[in-house]
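For reference, the structure is listed below as structure tokens.
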Protein chains: 2
Amino acid sequence: MPKPTAGPPAPGDVPPRGDARAGQRRRTQARILAAATELFVATGYERTTIRAVAQAAGVDAGLVMHYFGSKQALFEQVTRGGQLPPAPSGPPDQVADQVLAQLAEALANEPVQSLALLRSMLTNPEAAHTMGEGTLRYRNQLAQAIDAPDADLRAALIIALIIGVIVDRHLLKSGPLNTTTPADIIALLRPALRTLLAGA
Amino acid sequence: MPKPTAGPPAPGDVPPRGDARAGQRRRTQARILAAATELFVATGYERTTIRAVAQAAGVDAGLVMHYFGSKQALFEQVTRGGQLPPAPSGPPDQVADQVLAQLAEALANEPVQSLALLRSMLTNPEAAHTMGEGTLRYRNQLAQAIDAPDADLRAALIIALIIGVIVDRHLLKSGPLNTTTPADIIALLRPALRTLLAGA
DNA sequence: GTCTATAAACCGATAGAC
DNA sequence: GTCTATCGGTTTATAGAC
């Protein structure tokens with residue numbers, strides 16, 4: 001069956017004036033982007049094909065290329081905006097609560113842009129590089145809130161813990177971490193985080 | 001240059017008796033396995049090609065298939081034997097030290113079989129499944145050493161922390177975690193681990 | 001025991017019809 | 001604005017020569 005004809009042409013539609021065309025284009029682009037996000041998060045960069053994205057969005061593969069230029073550019077569009085939270089600051093006492101609040105938020109609502117990056121960070125060089133830049137920024141600001149000679153190392157361990165927890169819950173999904181409420185998780189993590197933040 | 005002729009034929013060699021052939025075969029298989037391990041660890045399952053493995057081992061691509069049957073079977077051969085440490089037990093007080101000792105060992109010497117699995121666990125279903133089985137076993141035994149109603153969750157968080165640290169050090173390699181001695185790392189981790197293990 | 005040749009499938013990307 | 005057709009490249013895997 002070479003012609004599923006899903007959606008976009010809309011046989012009995014209004015005559016396409018300039019505005020209607022632009023609107024149609026925006027909506028189709030958004031549908032492609034949503035489908036690409038879902039597939040990149042689910043299977044990673046390498047296993048996600050332009051053809052599969054097009055099929056999931058109900059359009060042709062050529063159209064995806066026409067709108068986004070290349071597979072790499074499409075991936076960058078998906079992961080753009082997946083920036084980490086504004087980075088905690090202030091007195092060391094409050095930093096723990098801020099970090100835990102951000103983690104709880106990430107555990108409750110799936111941050112799809114970040115998940116697309118996380119899924120491919122071990123196998124795609126571009127994803128690894130983008131992730132590295134993001135964590136570097138976050139780590140530096142986190143280290144400033146730690147009053148200890150090994151603040152950098154402590155910040156790095158905190159980030160490793162956070163990434164491990166998020167990966168387990170949203171990506172690996174194997175174990176108790178994805179059936180437990182965020183509140184229960186951060187309650188157990190609070191004392192551990194305190195020991196890593198306690199510099200002075 | 002279609003004929004690098006690297007190694008195996010050995011022009012002026014002894015006439016291949018039965019034993020010599022078997023020895024040659026074993027050595028060639030070992031070379032292929034070593035090359036495959038290196039590439040799987042470095043770039044993951046999808047980006048590692050049979051052709052690249054063959055070239056790195058100095059043999060032909062057809063020979064790799066002849067010996068191992070398929071790419072998937074080759075990957076299983078590489079990751080087999082990558083079993084986790086015997087799992088800690090005993091009084092809760094000693095468990096922390098045992099886990100930290102195992103982690104220090106994994107941080108010092110790269111456990112290549114485990115690293116091959118870790119590299120591909122987010123993008124390859126088989127790798128994810130094998131990892132899931134391994135961590136399930138380890139988590140159950142670890143939970144038995146924790147005297148608390150939420151022992152399973154605590155064990156899962158400990159594993160998430162360990163995986164996060166190992167991934168950062170050996171795979172991502174971005175940050176202070178891969179330039180710090182294992183002793184310094186586990187020294188910072190000990191108090192955090194204690195809070196996660198403290199059930200009673 | 002090792003390699004050559006090739007099959008069969010799939011990919012990203014391009015050019016152009018409608 | 002959307003789709004058809006296709007090119008050129010790469011992959012795993014097989015069959016068979018030496």
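If you're wondering where the values come from, they're calculated on a predicted model, not measured in any experiment. Each chain gets a letter, A, B and so on, in the order the sequences are listed, and its residues count up from 1.
In terms of the side chain to side chain contact (heavy atoms under 4.5 Å, CB included) criterion, B/S89 has no residue partners (sequence neighbours excluded). For A/R190, the salt bridge (Lys or Arg N to Asp or Glu O under 4.0 Å) partners are A/D97, not counting sequence neighbours. For B/D150, the salt bridge (Lys or Arg N to Asp or Glu O under 4.0 Å) partners are B/R154, not counting sequence neighbours. For the salt bridge (Lys or Arg N to Asp or Glu O under 4.0 Å) test, residues two or more places apart in sequence or in another chain that qualify with B/E46 are A/R47. When the side chain to side chain contact (heavy atoms under 4.5 Å, CB included) test is applied to A/A156, the partners found at least two apart in sequence or on another chain are A/R139, B/P176, B/L177.
One can place CZ of A/R51 at 7 Å from C1' of C/dC10, the figure rounded to the nearest angstrom. As rounded to whole Å, 18 Å separates atom P of C/dT2 from atom CD of B/Q55. Atom-to-atom, CG of B/D60 to P of C/dT2 comes out at 11 Å; the value is rounded to the nearest Å.
A sub-4.0 Å separation between OP1 or OP2 of C/dT2 and a side-chain N or O of B/T28 is present.
Residues of residues 41-49 of chain B that place a heavy atom closer than 4.0 Å to DNA chain D, in numerical order, are B/T48, B/T49. Shown for residues 62-79 of chain A: residues whose heavy atoms fall under 4.0 angstrom of DNA chain C, namely A/M65, A/S70, A/K71.
Listed candidates were C/dG1, D/dT2, D/dC3. Nearest to the side chain of B/R25 is C/dG1.
Applying the salt bridge (charged side-chain N to carboxylate O under 4.0 Å, His left out) definition to pairs two or more places apart or across chains, none involves residues 99-113 of chain B. The salt bridge (charged side-chain N to carboxylate O under 4.0 Å, His left out) contacts involving residues 162-187 of chain B comprise nothing, where partners must be two or more places apart or lie in separate chains.
A donor atom on one side chain and an acceptor atom on the other are not found under 3.5 Å apart for B/R26 and B/Q29.
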